Amino acid sequence: MKLSIRHDTTYSYASDVSNSIQFLRLTPRSSERQRILEWQLDLPCKVNGQIDPYGNILHVLTLDKPHGNLALTAQGLVEIDPACEQEAGSQSPLPFLRSSKLTQADDALRDFAASHCGARRDRAAVEDLMQALADHMPYSPGATSVGTTAVEAFSGAAGVCQDHTHAFLACARSLGIPARYVSGYLCTEDEHHLASHAWAEAWLDDAWYSFDITNRLTRPERHLKLAVGLDYLDACPVRGVRRGGGTESMQANVQVQHQ
């Protein structure tokens with residue numbers, strides 16, 4: 001299966017920004033499951049790529065002159081192997097047992113994970129956990145924000161893909177299962193779900209297995225992985241800091257099409 005992706009992001013500011021730095025994880029890597037056929041970034045200036053501590057391709061965009069807006073475009077063509085259910089790990093999975101502010105588990109999350117998995121630590125148990133979280137936290141756009149923690153979203157029993165993933169990570173790690181956040185794109189005909197997406201991967205039987213809690217999927221047949229990390233902040237496609245500019249508005253348009 002081939003997926004064509006175009007991701008446009010535009011930032012506009014009330015006044016000129018004097019300087020800014022953007023950390024871009026907008027370039028996917030080839031793996032057993034996905035093969036990058038074409039990919040390019042259209043940015044205001046030339047940047048060099050590097051590999052971050054989690055193995056993601058990272059570009060650091062620095063603009064040191066005044067600017068009133070910022071436009072970023074990533075686009076390419078990727079071939080997905082729909083039969084591939086797992087990916088090998090080139091690094092130790094143990095760092096993904098650590099919690100972050102967004103993925104810290106409280107007693108409610110730990111009890112929830114234990115009640116659905118018991119002593120089991122296999123793929124079937126983790127899938128049961130995924131289904132239970134999807135039941136407990138219906139997909140509810142607008143119910144949370146990018147700063148909502150796993151504890152807050154679980155307590156509110158609502159959220160979007162980011163919240164589902166954070167809650168899943170909190171539960172899995174409380175069980176001693178390494179799990180990581182995945183940012184990427186999803187080809188879907190459901191207009192209520194954004195093409196920009198997030199899901200989780202758990203380390204089971206010496207490999208990474210995907211769990212898309214929002215869509216209750218364990219095989220990412222229409223998913224393109226961009227980046228991984230402990231949480232959203234590690235893996236989000238665009239994250240930056242700026243000096244000046246006043247009020248900011250952001251528009252993002254993502255198109256994912258099946259070729």
Side-chain angles (χ1 to χ4, degrees), residues 7 23-29 31 33-34 51-58 74 86-106 109-110 112-113 123 126-127 129-130 133-134 137 139 144-154 159-186 193-204 207-220 222-240 252 254:
H7 182 176
F23 299 91
L24 311 177
R25 292 175 176 84
L26 285 166
T27 303
R29 300 187 72 176
S31 68
R33 196 185 61 80
Q34 62 186 36
I51 304 300
D52 74 7
Y54 297 110
N56 306 310
I57 298 176
L58 169 67
Q86 65 188 56
E87 290 189 25
S90 59
Q91 299 174 321
S92 170
L94 296 181
F96 294 102
L97 283 172
R98 292 184 292 130
S99 293
S100 64
K101 181 180 178 181
L102 291 173
T103 61
Q104 185 69 45
D106 62 357
L109 280 163
R110 283 189 286 268
F112 186 87
R123 192 179 177 196
V126 179
E127 183 172 355
L129 174 63
M130 176 191 75
L133 279 172
M137 301 171 62
Y139 182 78
T144 56
S145 69
V146 293
T148 301
T149 67
V151 168
E152 293 167 340
F154 183 81
V160 293
C161 58
Q162 174 182 310
D163 307 298
H164 295 154
T165 304
H166 282 157
F168 177 92
L169 297 180
C171 288
R173 291 169 185 167
S174 77
L175 297 170
I177 300 173
R180 61 190 188 184
Y181 189 101
V182 183
S183 67
Y185 304 113
L186 170 66
H193 286 192
L194 298 177
S196 184
H197 195 45
W199 61 97
E201 289 180 336
W203 183 258
L204 302 162
W208 290 107
Y209 287 87
S210 294
F211 295 89
D212 181 344
I213 299 88
T214 305
N215 295 298
R216 302 173 184 261
L217 296 174
T218 56
R219 181 180 292 177
R222 295 172 175 260
H223 297 61
L224 167 61
K225 182 197 304 186
L226 271 181
V228 301
L230 285 178
D231 58 22
Y232 164 80
L233 295 177
D234 287 335
C236 58
V238 181
R239 183 184 180 191
V254 180

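All figures in this text were calculated on a predicted structure; none of them were measured in a lab.
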Run the side chain to side chain contact (heavy atoms under 4.5 Å, CB included) test on Leu133 and Phe112 for me, step by step, so that the C-alpha distance in whole Å, both residues' side-chain angles and the decisive distance to 0.1 Å come before the verdict. CA-CA 9 Å; Leu133 279 172; Phe112 186 87; 3.6 Å; yes

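- The side-chain heavy atoms of Thr218 and Tyr209, taken from C-beta on, include no pair separated by under 4.5 Å.
- Across all non-hydrogen atoms, the minimal contact from Ala105 to Ser174 is CB-CB, 4.5 Å.
- Ring centers of Phe96 and Tyr54: under 6.0 Å apart, within the cut-off.
- The distance from the NZ atom of Lys101 to the CG atom of Leu230 is 15.0 Å, given to the nearest 0.5 Å.
- The two residues Ala235 and Ser183 make their nearest non-hydrogen contact at O-OG, 2.5 Å.
- Between Leu217 atom CG and Trp199 atom CH2 the span is 10.5 Å, to the nearest 0.5 Å.
- Using cut-offs of 30° and 60° on the angle between ring planes, the pair Tyr139 and His164 is tilted.
- Between Glu152 and Thr144 there is no side-chain heavy-atom pair separated by less than 4.5 Å.
- Residues Ile51 and Ile57 are in side-chain contact: their nearest non-hydrogen atoms beyond the backbone lie under 4.5 Å apart.
- Heavy atoms only, all atoms of each residue included: Arg33 and Pro220 are closest at NH1-O, 2.8 Å.
- Screening His7, Lys225, Arg222, His223 against Tyr185 for a side chain to side chain donor-acceptor pair (under 3.5 Å) leaves a single residue, His7.
- Donor-acceptor pairing under 3.5 Å is recorded for the side chains of Arg173 and Thr103.
- Looking only at side-chain heavy atoms (C-beta outward), Thr214 and His197 come within less than 4.5 Å of each other.
- To the nearest 0.5 Å, atom CD1 of residue Ile177 and atom CG of residue Leu204 are 5.5 Å apart.
- For Arg25 (side chain) and Asp234 (main-chain N/O), a donor-acceptor pair under 3.5 Å exists by modelled atom type.
- The distance from the CG atom of Leu129 to the CZ atom of Phe211 is 9.0 Å, given to the nearest 0.5 Å.
- Ser145 approaches Gln162 most closely through the heavy-atom pair O-NE2, 3.9 Å.
- Taken to the nearest 0.5 Å, the CG atom of Asp231 stands 14.0 Å off from the CZ atom of Arg180.
- Listed here is the closest heavy atom pair of Pro178 and Leu97: N-CD2, 3.5 Å.
- Classified by interplanar angle (parallel below 30°, tilted 30° to 60°, perpendicular above 60°), the ring pair Tyr181/His166 is tilted.
- Between the Gln104 side chain and the Ala170 main chain, no donor and acceptor come within less than 3.5 Å of each other.
- Considering every non-hydrogen atom in both Ala88 and Trp208, the closest pair reads O-CD1, 4.1 Å.
- Within the model, atoms CZ of Arg29 and CG of Asn56 stand 8.0 Å from one another, a figure rounded to the nearest 0.5 Å.
- Taking the side chain as every heavy atom from C-beta outward, Thr149 and Val151 approach each other to under 4.5 Å.
- With no hydrogens or angles considered, no side-chain donor-acceptor pair links Asp163 and Thr148 at under 3.5 Å.
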